[in-house]
2 protein chains.
Amino acid sequence: MKLTAVDISKMASASTIVFQELRNAIIKGDLAVGEPLRQDEIAKLFNVSRIPVREALSRLEEQGLVRTQRYRGAVVSGLSAEEAAEIFDFRMLVEPEIVRRAVPMMSADILGKARGHCQAFSESRDPMAWAELNRDFHSELYNASELKFHLEVVNNTMNRIERYLRAQLVLSDGMERANVEHFAILEACEAGDAEEAAALTAAHIEGVKRSFLEHLSLLQS
Amino acid sequence: MKLTAVDISKMASASTIVFQELRNAIIKGDLAVGEPLRQDEIAKLFNVSRIPVREALSRLEEQGLVRTQRYRGAVVSGLSAEEAAEIFDFRMLVEPEIVRRAVPMMSADILGKARGHCQAFSESRDPMAWAELNRDFHSELYNASELKFHLEVVNNTMNRIERYLRAQLVLSDGMERANVEHFAILEACEAGDAEEAAALTAAHIEGVKRSFLEHLSLLQS
DNA sequence: ATATTGCTTATCGGATCCAATATGCCAAAC
DNA sequence: GTTTGGCATATTGGATCCGATAAGCAATAT
């Protein structure tokens with residue numbers, strides 16, 4: 001038999017599709033913080049009943065991306081400055097460790113792909129694509145670690161903060177700095193220097209954090 | 001006005017109650033790994049329709065506590081030895097840091113409560129209560145950090161592995177060792193020695209990890 | 001005996017319907 | 001003018017119902 005078989009049992013259900021679309025919209029910032037998510041409205045958008053929408057909203061709440069009040073519906077949840085700062089601290093704790101353990105496992109293929117993402121990031125002129133490429137680059141490196149649980153946690157963490165990173169990449173020289181730091185991290189990886197790569201990753205996140213908090217205090221003054 | 005007001009809008013919905021009960025049953029190990037969770041059956045148990053049950057199952061899947069296949073239902077998900085080992089590594093990374101930042105914020109009240117949990121743990125003769133008291137003790141210390149995000153992540157992490165810890169506390173001298181180590185951690189906290197408390201916490205988790213893996217290899221041989 | 005086919009039942013995903021609560025508005029009472 | 005009570009509407013949470021798929025079993029053909 002020569003058939004390109006697709007596993008239909010793994011096809012996404014309606015609720016899964018709604019979930020993923022809503023999640024992406026929240027992550028990208030297309031849905032503003034505090035914006036109410038009406039079940040009816042979403043159901044009509046996707047041409048489904050409210051049942052799969054409600055399951056999607058339950059899952060989003062479990063991920064901390066929306067907040068729900070009984071009989072009052074769900075709203076997109078955001079982060080206070082303190083919460084964002086804490087999330088940066090968390091990333092500074094976990095991501096360097098992932099890199100440390102990933103470096104010895106990086107094949108030439110992975111390093112090549114990472115360099116590709118890095119290049120694309122540096123050359124892109126589309127601010128909206130930056131966050132995407134930034135995440136591709138980091139994911140490429142992190143995935144080499146094959147630490148499924150760590151990666152899952154970091155992904156959920158990124159989902160919560162990426163909106164703010166986008167805003168910040170555009171508003172500052174963050175883009176150029178990120179670019180330089182990415183290449184530095186990449187070179188440490190290519191050199192097989194796990195400790196250096198981890199240290200650079202920590203410094204990178206710390207820089208983003210500081211820049212983020214500065215911009216925030218500017219906005220609030 | 002002197003009324004002990006309860007916020008009725010925060011009362012749990014049916015789906016939330018089902019979710020919490022299922023989650024607790026999975027965490028405690030009352031529901032075996034691989035056991036299928038039939039919507040009808042659960043709905044009848046709680047005297048509700050399948051709708052809130054399905055929302056509960058969605059949420060459990062989002063937490064990694066069940067696995068769902070389309071049209072085939074949900075089963076309790078477990079951990080391979082590798083996955084469990086990775087989770088211990090993750091805990092060794094995060095929990096010491098939480099302790100480090102919690103120590104300066106521990107009031108006499110908190111330390112008192114922690115000592116209470118620690119005592120209760122050491123005196124309890126009920127193996128099923130150990131895991132509970134163990135978690136109370138650690139939570140008491142961790143909560144002092146007021147790192148909401150870190151705490152959320154650690155809680156979800158514990159939810160995935162607690163079943164295995166229970167089994168292990170009973171089967172070994174783990175109970176006694178944990179007890180000694182708890183008091184050591186507590187003393188470092190009382191002394192305000194954050195670094196020592198963090199180091200002891202890391203050692204504690206590492207000990208549990210090693211003991212866990214040894215028992216596992218025994219079982220498998 | 002074994003493999004294939006068709007049927008029956010169990011179970012799931014989703015749609016539709018109903019009850020409970022929230023929200024906004026307007027009139028009436030003070 | 002402010003507050004109170006009584007609607008009408010919007011929205012949610014849950015129950016019931018329906019179509020689709022999975023899984024087991026019997027009947028048939030080879």
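All of these numbers come straight from a predicted model, not from anything done at the bench. Scope of the values below: all heavy atoms of this structure, side chains included, with no hydrogens, waters or symmetry mates. Lettering of chains follows the sequences in order, A, B, ..., and the numbering in each one begins at 1.
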Report the residue (A:Arg70 or A:Ala12) whose heavy-atom-nearest nucleotide on DNA chain C is the more 5′ of the two.
A:Ala12
Atom CZ of residue position A:Arg67 - does it have more than 12 heavy atoms of other residues, nucleotides or ligands inside 6.0 Å?
no
Rounded interatomic separation in angstrom, taking CD from A:Gln39 and P from C:dT16:
15 Å
Specify the separation, in whole Å, of atom CD of B:Glu55 and atom P of D:dG13.
7 Å
So B:Leu57, base contact, sugar-phosphate only, or nothing? Heavy-atom distance under 4.0 Å.
nothing
Is a donor-acceptor contact shorter than 3.5 angstrom present between the side chain of B:Arg54 and the base of D:dG14?
no
Rounded off to whole Å, could you give me the NZ-to-P distance for the B:Lys44 and D:dT16 pair?
12 Å
Out of B:Arg101, B:Arg100, B:Lys148, which one pairs with A:Asp89 under the salt bridge (Lys or Arg N to Asp or Glu O under 4.0 Å) rule?
B:Arg101
In terms of side-chain heavy atoms of B:Tyr71, which of C:dG14, D:dG13, D:dA22 is nearest?
D:dA22
What is the distance, rounded to the nearest whole Å, between atom CE of A:Met11 and atom C1' of D:dA22?
17 Å
Would you say the base of D:dG13 and the side-chain of A:Arg72 have a donor-acceptor pair closer than 3.5 Å?
no
Closest to the B:Ser49 side chain: C:dA22, C:dG14, D:dT16?
D:dT16
Counting only side-chain N and O atoms of B:Gln69, is one of them less than 4.0 Å from OP1 or OP2 of D:dT21?
no
Do B:Glu62 and B:Arg59 meet the salt-bridge criterion of a basic N to acidic O distance under 4.0 Å?
no
Quick note, B:Ile51 side chain, CB onward, closest among C:dG13, C:dT21, D:dA15 is D:dA15
When you compare the side chains of B:Ser9 and B:Asp7, does any donor N or O come within less than 3.5 Å of an acceptor on the partner?
yes
Check whether any side-chain nitrogen or oxygen of B:Arg38 sits under 4.0 Å from OP1 or OP2 of C:dC12, and answer yes or no.
yes
If the plane angle is over 60° it's perpendicular, under 30° parallel, otherwise tilted; pick one for B:His150 and A:Phe90.
perpendicular
In whole angstroms, how far is the P atom of D:dA20 from the CD1 atom of A:Ile8?
15 Å
Ranking B:Ser9 and B:Leu37 by the position along DNA chain C of their nearest nucleotide, the one closer to 5' is B:Leu37
Quick one: does A:Arg50 reach the base of D:dG13 with a side-chain donor-acceptor pair under 3.5 Å?
yes
